[in-house]
Protein chains: 2
Amino acid sequence: MNLKQLSDQLGLSQTTVSRALNNYPEVSEETRERVKLAARKFSYRPNTRATGLATGRSMAIGHVIPMNSTDVFNPIFGEFIAGASKAYSQQGYELMLTMAPEDSEESAYRDIASKRSVDGVIVHAPRVNDSRIALLQQLKLPFVIHGRDSANESEYSWIDMNNRRAFYRATRLLIDMGHKDICLVNGIETLNFAWRRRLGYTDALNDSDIAVNTSLTYSGDLTEANGFHAASNALTQTTKPTAFLVSSYVGALGVRRAIHNAGLTMGRDISVVIHDDELSYFQNDGDIPQFTATRSSVRDAGERAANMLLDIIDNPKKGPLTELLDAPLTIGESTGPARNWSEELSSDHCTTQGTTQGTTQGPVNN
Amino acid sequence: MNLKQLSDQLGLSQTTVSRALNNYPEVSEETRERVKLAARKFSYRPNTRATGLATGRSMAIGHVIPMNSTDVFNPIFGEFIAGASKAYSQQGYELMLTMAPEDSEESAYRDIASKRSVDGVIVHAPRVNDSRIALLQQLKLPFVIHGRDSANESEYSWIDMNNRRAFYRATRLLIDMGHKDICLVNGIETLNFAWRRRLGYTDALNDSDIAVNTSLTYSGDLTEANGFHAASNALTQTTKPTAFLVSSYVGALGVRRAIHNAGLTMGRDISVVIHDDELSYFQNDGDIPQFTATRSSVRDAGERAANMLLDIIDNPKKGPLTELLDAPLTIGESTGPARNWSEELSSDHCTTQGTTQGTTQGPVNN
DNA sequence: CAAAATATTTAAAGCGCTTTGGCTGGCGAT
DNA sequence: ATCGCCAGCCAAAGCGCTTTAAATATTTTG
């Protein structure tokens, strides 16, 4: 059923039917009702492509997910998009997803812009000194960045969490608990978020006059395996860390595995603080959360980013919008006072810790 | 730059330019070259909406992700889509993503169909007796299902893995290792994949004359927390399981945590077999993988499903296509012979296991 | 060299919608 | 009764492309 057929049915012109459906005032309430009823009855929905051609708007937003050479699809993208799509469906927009390998990223954006298939884009995972910002400004395609480019002075819209501050706080917490050898397991540090997190980490160490030990900082895709390898490696260093600061829940799972493998207990022997994006299948809550964490819902960020972009599209004269989210620190089971490795060798063999729950089946050594 | 402007530039008609770009034969090679050069120079790309209107094809595929009431965004969707989008970008298609809450799922599909914004859809997470199949058949919208509906006898295209067989095999393996009390931590069993997995599990038990103990089977969203709670609960049952069969890596992380919390060691005290969808940030490989697992790449499935759908769209006369993927079983570190709980109480206190790696710092009890 | 055949190009219609610019008829004011 | 106004409706143009039908160039053929 298309507009012509519907208006023929009703004995009205296409103009009137279109106006009735789009709530234009020059239609009598009576006909409007009649039209809307018929539209529902025949489940008529205007053809998106035709509407788009006529209005010059496509009612769609593009999300371009960068795929790096390791082909890892970061789970936070999925969660972010789940949030964003909520905003879109509320406002009648569609979501167009593009996966762009690093080497064809620029052409992906150019494509989107010249094909005019979306009204705006969300930019994911900005790098330090990200060329996409200038590109999109030049292409005159409205955009909102999830994150920022700390090296870019120009005006653009973004929504970000306070990465530096969060990691400053987290590091500070560990220092206050007596930790000095803190291992950072970070994301890829050409990405702005990871770069700022490192900044928070080093700033906190510097402020407490603790030298940064670069053999205790790791950077890479935030996979379980990378977390595991980083932590396993760190635990063999001469200055063994007493605490880990991990940039994601997923990475922390690897870190936890390494800690267990080394015969240690997280929260007692080794402290771990993570950043928690609140992925829906990894809730880190309850009375006492598993991990001490800075947390900020990436799904919520997605919804906010989407609304921000739609706002910008509706009101183009509005200057760039920005929003900085805070990531509060919550204490969980994974942190405790620093342990002094040298003093404690072979001290408390076979003493059962009070925190054990469940049936205990004897000691465990890996 | 649009077609008119481009053809004015070249002093040619829109017809010729359009034909030149679309490789129609009735254009001389010389002009074709000239046109393509100019198109590149001005980075001209045809307006998708206009092309779509003219051709009646939108060159886009819809993915409708069901969101259940718990609002969990299953990570396999992201990974599947990453695979599918590879196929789309190769063939010039776009990917339109819709998140549909359970209660508005039908209208989401109707919407997509009548708005004509996509040429076909991929259906995710089919249920047993899924109403979407009949709906899409009636709407005459080409579709491919990721999974199947075992209760639906009609003809439709799908790609699925052999869920029953995989779980039969996995259960069988555990039985062969002496396990009898095997706990199943499954997905939501109204979903077809989980239903078939349970079938494989019960079939294997039945074939070995082991009664199914329903207090050892769990069904729910495959989150870390659910895996943890299921396993924690199972370990307090009177007939304590010696093995777990877990439907996802993520769920297994929770199971592993529960095992550790109970002071047990995975692979020695308790065996775990999982199904591994090969999520990119949870590689379960290496010489000896962490988990014994049936495995099947969901990203690969996404690419195959997409190609299948595009094939169907190009050749509508072709009958429904189907593809059944096998999920081979790989032995990892998480399985071992069944342990007899009653005989082994307080036997091997403080004996160091040979498999320990890293610096061992004394016994660990939770 | 003219006619026929082929190669190359173009004008114009049409895809399904929105929107501009009328047109019509009823009403109050004159 | 006449005029102007306004509410309510409609015809037609136009969005940017593809494609049919037709025109024009170029070759080939007899």
Side-chain angles (χ1 to χ4, degrees), chain A residues 1-36 38-39 42-60 92-94 111-119 314, chain B residues 1-36 38-39 42-60 92-94 111-119 314:
Chain A
M1 173 73 67
N2 62 22
L3 184 59
K4 183 158 186 352
Q5 294 168 327
L6 181 61
S7 47
D8 284 354
Q9 274 286 331
L10 286 159
L12 288 169
S13 73
Q14 298 189 33
T15 312
T16 304
V17 174
S18 169
R19 280 191 171 134
L21 293 172
N22 293 314
N23 296 318
Y24 279 70
E26 35 305 60
V27 174
S28 75
E29 271 320 304
E30 189 198 331
T31 26
R32 189 190 305 287
E33 278 317 306
R34 199 159 64 90
V35 169
K36 289 201 168 178
F42 298 110
S43 75
Y44 165 79
R45 309 257 201 317
N47 180 313
T48 357
R49 296 191 294 274
T51 310
L53 236 205
T55 57
R57 308 244 324 234
S58 59
M59 299 304 281
Y93 275 78
E94 294 175 335
D111 233 70
I112 284 179
S114 44
K115 278 158 57 174
R116 320 248 81 194
S117 43
V118 300
D119 295 330
D314 283 345
Chain B
M1 171 74 66
N2 62 22
L3 184 59
K4 182 158 187 351
Q5 294 167 328
L6 181 61
S7 48
D8 284 354
Q9 274 286 331
L10 286 159
L12 288 168
S13 73
Q14 299 189 34
T15 311
T16 305
V17 175
S18 169
R19 281 188 172 136
L21 293 173
N22 293 314
N23 296 317
Y24 278 70
E26 41 297 64
V27 173
S28 73
E29 271 319 307
E30 189 198 332
T31 30
R32 190 190 304 288
E33 278 317 308
R34 201 158 64 90
V35 169
K36 288 202 167 178
F42 299 110
S43 76
Y44 165 79
R45 311 260 199 317
N47 180 314
T48 359
R49 296 192 295 274
T51 311
L53 236 204
T55 58
R57 309 241 327 232
S58 60
M59 298 303 282
Y93 275 79
E94 293 176 336
D111 232 70
I112 283 179
S114 44
K115 279 159 53 175
R116 321 246 84 194
S117 42
V118 300
D119 296 330
D314 283 346

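- Not a single donor-acceptor pair under 3.5 Å links the side chain of Asn22(B) to the backbone N or O of Tyr24(B).
- Using a cutoff of 4.0 Å between basic side-chain nitrogens and carboxylate oxygens, Glu33(A) and Lys36(A) are not scored as salt-bridged.
- Going from atom CE of Met59(A) over to atom P of dC17(C) covers 15 Å, rounded to whole Å.
- Between Ser28(A) and dA7(D) there is no side-chain N or O to OP1 or OP2 distance below 4.0 Å.
- Rounding to the nearest 0.5 Å gives a distance of 10.5 Å between OG1 of Thr16(A) and CG of Leu21(A).
- Within the structure, a side-chain polar atom (N or O) of Asn22(B) is placed less than 4.0 Å from OP1 or OP2 of dT18(D).
- Between Thr16(A) and dC9(D) there is no side-chain N or O to OP1 or OP2 distance below 4.0 Å.
- For Thr31(B), the side-chain atoms get nearest to dT9(C) when compared with the rest of dA11(D), dT9(C), dT18(C).
- Rounding to the nearest 0.5 Å places CZ of Arg34(A) at 5.5 Å from CG of Leu10(A).
- Both Ala50(B) and Tyr24(B) sit near DNA chain D, but only Ala50(B) has its closest nucleotide nearer the 5' end.
- When heavy atoms are screened at a 4.0 angstrom cut-off, Thr51(A) is found touching the sugar-phosphate backbone but no base atom.
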Intermediate values then yes/no, side chain to side chain contact (heavy atoms under 4.5 Å, CB included), Arg49(A) and Thr51(B): CA-CA 9 Å; Arg49(A) 296 191 294 274; Thr51(B) 311; over 6 Å; no
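- Computed from coordinates, the Arg45(A) CZ to dC17(C) C1' distance equals 16 Å when rounded to whole Å.
- Of the candidate nucleotides dC9(D), dT18(D), dG16(C), dT18(D) has the atom nearest to the side chain of Thr55(B).
- The distance between atom CG of Leu12(B) and atom P of dA7(C), rounded to the nearest whole Å, is 19 Å.
- Minimum atom distance to the side chain of Glu26(B) is reached by dT8(C), of the listed dC17(C), dT8(C), dT10(C).
- Following rounding to the nearest Å, Asn47(A) (CG) and dC15(C) (C1') show an atom-to-atom distance of 8 Å.
- OP1 or OP2 of dC10(D) lies within a sub-4.0 Å distance of a side-chain N or O belonging to Ser13(A).
- For the pair Ser18(A) and dT18(C), the criterion of a side-chain N or O lying under 4.0 Å from OP1 or OP2 is met.
- When heavy atoms are screened at a 4.0 angstrom cut-off, Arg116(A) is found touching no nucleic acid atom at all.
- Counting heavy-atom neighbours within 6.0 Å of Arg45(A) CZ, excluding the residue itself, gives a total above 12.
- In this entry the distance linking CD of Gln14(A) with P of dG16(C) reads 10 Å, nearest Å.
- In this structure, Arg49(A) atom CZ and dT18(C) atom P are separated by 14 Å, rounded to whole Å.
- Comparing dG14(C), dC9(D), dG14(D) against the side chain of Ala54(A) picks out dG14(D) as the nearest.
- On a pure distance criterion of 3.5 Å, a polar donor-acceptor pair joins the side chain of Arg19(B) and the base of dT10(C).
- Leu53(A) places its CG atom 14 Å from the C1' atom of dA13(D), with the value rounded to the nearest Å.
- Between Tyr44(B) and dC17(D) there is a side-chain polar atom (N or O) within less than 4.0 angstrom of OP1 or OP2.
- Going from atom CG of Leu3(A) over to atom P of dG14(C) covers 17 Å, rounded to whole Å.
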